[in-house]
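All remarks here apply to the structure that follows.
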Protein chains: 2
Amino acid sequence: MANIRDVAKQAGVSVTTVSRVLNDHPYVTQEKRLAVEKAMEELGYHQNINAIHLSKGETRLLGVAVPFINHSYFSTLLNGIADRALVRDYNLVFYQTNYQKGEESKALEALKRKQIDGLMILSRASDWNSVEAYQEFGPLVVCESSEHTRIPCVSVDHYEAFRYGMRYIIDKGHRHIGYCIGRRTGTNSSLREKAYCEELEYIGEPYRKSWVFNNCLTIEDGKRVVNEYVSLKEKPSALLITSDQVAAGFRMEAEKRGIRVPHDVAILGFDNHPIAEALDLTTIELPLHEVGMSLVEKVSSKNPSSAIYPFELVERGSV
Amino acid sequence: MANIRDVAKQAGVSVTTVSRVLNDHPYVTQEKRLAVEKAMEELGYHQNINAIHLSKGETRLLGVAVPFINHSYFSTLLNGIADRALVRDYNLVFYQTNYQKGEESKALEALKRKQIDGLMILSRASDWNSVEAYQEFGPLVVCESSEHTRIPCVSVDHYEAFRYGMRYIIDKGHRHIGYCIGRRTGTNSSLREKAYCEELEYIGEPYRKSWVFNNCLTIEDGKRVVNEYVSLKEKPSALLITSDQVAAGFRMEAEKRGIRVPHDVAILGFDNHPIAEALDLTTIELPLHEVGMSLVEKVSSKNPSSAIYPFELVERGSV
DNA sequence: GCTTGCTATGAAACGCGTTTCATACCCTAT
DNA sequence: ATAGGGTATGAAACGCGTTTCATAGCAAGC
């Protein structure tokens with residue numbers, strides 16, 4: 001396969017001139033430009049991108065570390081990321097971590113080794129210190145609502161959103177409130193746990209372990225929660241459900257069993273995914289597409305800053 | 001930043017020896033190996049991946065061209081792809097095309113310029129000829145059920161699946177059958193159109209343009225179809241809906257309006273997404289996760305071959 | 001007439017790891 | 001004693017585009 005030197009020889013010019021033509025630099029006469037283009041054509045030349053990367057020290061590649069993709073929360077974020085990456089002329093490299101530290105480190109290592117120009121971590125598995133250690137190798141943004149001072153975070157204020165949801169449900173007269181969460185670890189989850197506990201305290205209710213449902217990510221999980229719910233001796237009268245998917249699964253399964261929403265149990269979803277509208281779920285809208293776009297903006301700047309995006313309650317008929 | 005030559009100097013060995021240590025090649029004495037490791041430690045050395053890529057002529061990167069990701073069809077495929085890429089030690093580069101030829105060409109160009117070792121096209125926008133022209137630059141697989149002889153295709157047999165669905169509905173006694181499709185162009189879609197027409201002919205029914213609903217991708221689209229459906233003068237008694245999302249939207253909206261499924265209108269979904277189970281939708285299960293894994297297997301082999309995956313009817317309560 | 005300052009062009013260095021090839025030592029088999 | 005074969009090591013070439021620096025011609029400005 002022909003390289004730039006072959007082209008130069010064929011066109012009777014120097015390698016530098018060919019490079020100038022390739023990069024639209026000035027100071028090339030029309031005559032030589034044409035000669036170079038002709039030579040490229042004849043030899044079927046095309047640039048080797050890896051040589052460019054090596055030489056320029058950048059790849060126009062941004063990394064995205066994400067636990068898995070077939071979940072609307074992440075795929076909506078990703079959509080925002082992809083849309084903005086497109087206009088910023090970046091391509092995306094994908095690190096599916098399944099929440100495994102090992103896989104996440106691979107993404108961090110890629111940053112270190114200059115495979116990517118920046119990294120977005122959509123849901124962090126490693127501890128802050130390991131992440132911070134990689135900051136010197138390139139811009140890095142984490143998508144969680146932490147107020148970490150040294151690592152930029154772009155997200156929705158999950159603490160406030162959850163608190164707001166709690167207040168809304170409390171204002172509706174509920175005292176017995178449970179919630180469903182994706183996983184227990186992670187900043188976002190502990191912030192919600194914190195908000196949950198504080199609001200319970202505020203209304204003078206105890207924390208009931210059996211009212212907190214873990215591992216809730218999918219529609220099926222929502223159905224599973226209904227099973228757990230019916231078998232509870234003492235039942236909550238309302239549930240906050242941190243994903244509309246799960247809330248949808250819950251509502252569908254509940255009504256199949258004759259449990260009426262919101263009459264028997266009120267549910268409040270999160271995300272405002274289309275499924276929430278379809279099932280008439282009251283939900284807290286999170287601007288995930290925007291957050292995704294913002295992640296790209298931040299990570300493609302020299303000095304990324306943090307940003308918090310606003311949420312909005314969408315009242316429908318499930319509370 | 002230190003490079004391999006600095007390490008060699010510091011350790012008092014040759015560059016070759018350092019490279020041997022880095023790549024676990026034999027023929028390095030323990031003594032030198034330790035010296036090299038010590039030097040790397042002291043200098044904070046790490047390999048520049050772009051130099052490796054340039055030198056090796058491969059990147060361990062596979063490209064995925066996909067119109068958009070926040071749709072379960074693609075995100076399920078992607079999940080399969082990501083899972084298999086992980087075990088095959090590939091990373092993924094993402095080209096979100098929005099069905100624009102320009103974006104798809106970027107992916108093809110990336111293959112040509114050796115940015116990626118192979119390319120998977122999940123839904124093709126360009127014509128076969130342009131795709132074929134890039135085959136010489138690396139392995140390339142298209143995810144559609146075409147029987148193209150020169151380009152490997154991995155997919156479900158969409159023609160057969162649709163035909164099977166038609167027969168199933170016909171066997172249930174329906175004669176007035178419509179369908180919903182994502183987009184009209186594209187192999188998969190025309191195959192379904194073909195199956196549709198053939199089966200209509202088989203039962204001696206005319207093709208009614210108003211019974212074919214286009215641009216059906218999301219839950220909202222399913223709701224929209226209900227609107228169009230109710231305004232039809234002559235209504236189909238059954239619909240094939242090529243995505244469970246859309247079928248779900250249809251069923252929810254229909255029942256909200258007092259249209260009973262399957263009594264007033266029967267619907268048959270495709271994919272067997274969790275939402276289908278939740279809404280008791282009869283559907284044709286497509287093994288998309290497996291197809292995704294297979295795409296990676298094919299594209300990471302020297303000579304990719306085609307493969308067709310089987311579908312399966314899942315009988316529930318919507319037909 | 002002489003200095004500035006563009007325009008135009010190319011040689012060479014640079015980014016950096018891998019791989020080939022040559023060399024040298026030491027031990028075993030004949 | 002000698003050929004053969006494995007172990008160990010390094011110089012140099014290779015993959016390839018970009019960028020710096022030096023050079024030279026030519027025109028405008030004083």
Side-chain angles (χ1 to χ4, degrees), chain A residues 1-40 43-61 109-117 137-138, chain B residues 1-40 43-61 109-117 137-138:
Chain A
M1 209 191 56
N3 65 30
I4 198 173
R5 280 160 237 269
D6 300 326
V7 175
K9 196 177 290 175
Q10 175 100 349
V13 300
S14 73
V15 167
T16 317
T17 298
V18 178
S19 176
R20 286 200 181 94
V21 172
L22 286 168
N23 295 282
D24 272 325
H25 281 306
Y27 304 152
V28 180
T29 52
Q30 186 64 9
E31 179 196 2
K32 301 220 168 187
R33 185 180 304 277
L34 291 174
V36 168
E37 279 162 1
K38 179 156 163 283
M40 293 198 292
L43 297 170
Y45 171 78
H46 49 91
Q47 290 168 291
N48 180 318
I49 201 121
N50 293 128
I52 299 178
H53 290 165
L54 172 59
S55 157
K56 290 211 170 158
E58 63 159 40
T59 57
R60 305 287 319 161
L61 244 33
E109 280 296 313
L111 185 64
K112 185 172 179 179
R113 291 151 143 237
K114 295 182 167 302
Q115 165 139 224
I116 51 182
D117 291 348
F137 303 113
Chain B
M1 211 192 56
N3 64 30
I4 199 174
R5 281 160 234 267
D6 300 325
V7 174
K9 197 178 290 176
Q10 175 99 350
V13 300
S14 73
V15 167
T16 318
T17 300
V18 178
S19 177
R20 286 201 181 94
V21 172
L22 286 167
N23 294 285
D24 274 325
H25 282 306
Y27 303 152
V28 181
T29 52
Q30 186 65 9
E31 179 195 3
K32 301 220 168 186
R33 184 180 303 275
L34 291 175
V36 168
E37 279 163 1
K38 181 156 161 282
M40 293 198 292
L43 297 170
Y45 170 80
H46 49 88
Q47 291 167 291
N48 180 317
I49 201 123
N50 294 128
I52 300 178
H53 290 165
L54 172 59
S55 163
K56 289 209 171 157
E58 63 159 36
T59 57
R60 305 293 311 166
L61 244 35
E109 279 296 312
L111 185 64
K112 185 172 178 179
R113 292 152 142 236
K114 294 184 168 299
Q115 165 139 225
I116 49 181
D117 291 348
F137 303 113

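These values consider heavy atoms only, across backbone and side chains, with no hydrogens, waters or symmetry-generated copies. Here is the naming used below: chain letters follow the sequence lines, and residue numbers restart at 1 for every chain.
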Select base, sugar-phosphate, or nothing to describe what B:Ile4 touches, counting heavy atoms under 4.0 Å on all strands.
base
Report the distance from atom CG of B:Asp24 to atom C1' of C:dT19, rounded to the nearest whole Å.
17 Å
C:dT18 phosphate, OP1 or OP2, under 4.0 Å from B:Asn23 side-chain N/O
yes
Residue B:Val15, side-chain atoms from C-beta onward, closest of C:dT18, D:dT18, C:dG17
C:dT18
Whether the side chain of A:Arg113 and the base of C:dG17 hold a donor-acceptor pair under 3.5 Å is what I'd like checked.
no
Over all strands shown, is B:Ser19 touching base, sugar-phosphate only, or nothing at heavy-atom distances under 4.0 angstrom?
base
Measuring to OP1 and OP2 of D:dG10, would you say a side-chain N or O of B:Thr17 lies under 4.0 angstrom away?
yes
Looking for any heavy atom pair under 4.0 Å, which part of the strands does A:Leu54 touch: base, sugar-phosphate only, or nothing?
base
If you assign B:Tyr27 and B:Gly12 each to the DNA chain D nucleotide with the nearest heavy atom, which residue ends up on the more 5' nucleotide?
B:Tyr27
For D:dG10, does either OP1 or OP2 sit under 4.0 Å from a side-chain N or O belonging to B:Lys32?
yes
Tell me the interatomic distance from B:Leu22, atom CG, to D:dG10, atom P, rounded to whole angstroms.
14 Å
Nearest whole Å is fine: how far is C:dC21 P from B:Arg20 CZ?
14 Å
Does any donor atom in the side chain of B:Ser14 or B:Thr17 lie under 3.5 Å from an acceptor atom in the other side chain?
yes
Distance in angstrom units between B:Lys56 NZ and C:dT18 P, rounded
6 Å
Provide, to the nearest angstrom, the distance between the OH atom belonging to B:Tyr45 and the C1' atom belonging to C:dG15.
12 Å
Check whether the side chain of B:Thr16 and the base of D:dA11 form a donor-acceptor pair under 3.5 Å.
yes
State, to 0.1 Å, how close B:Asp117 and B:Thr59 come at their nearest heavy-atom pair, and which atoms those are.
OD1-N, 2.9 Å
Residue from A:Arg5, A:Arg20, A:Lys9 passing side chain to side chain contact (heavy atoms under 4.5 Å, CB included) with A:Val15
A:Arg5
Heavy-atom nearest pair, B:His46 first then A:Arg113, reads ND1-CA, 4.3 Å
Can you find a side chain N or O atom of B:Asn50 that sits less than 4.0 Å from OP1 or OP2 on C:dG17?
no
At their closest point, which heavy atom of A:Gly138 faces which heavy atom of A:Leu111, and how far apart are they?
O-CD2, 3.7 Å
In this structure, how many angstroms lie between the C1' atom of C:dA13 and the CZ atom of B:Arg5, rounded?
13 Å
Per atom distances to the B:Val28 side chain, the nearest of D:dT9, D:dG17, C:dG17 is D:dT9
Could you tell me how far apart A:Lys9 (NZ) and C:dG10 (P) are, to the nearest whole angstrom?
15 Å
Of B:Val18 and A:Ser14, whose closest DNA chain C nucleotide lies nearer the 5' terminus?
A:Ser14
Output the rounded distance in Å from CD (B:Gln115) to C1' (D:dC16).
15 Å
Going by heavy atoms in the side chains, are A:Val13 and A:Val28 under 4.5 Å from each other?
no
Under 4.0 Å, counting only non-hydrogen atoms across every strand here, what does B:Thr29 touch: a base, just sugar-phosphate, or nothing?
sugar-phosphate
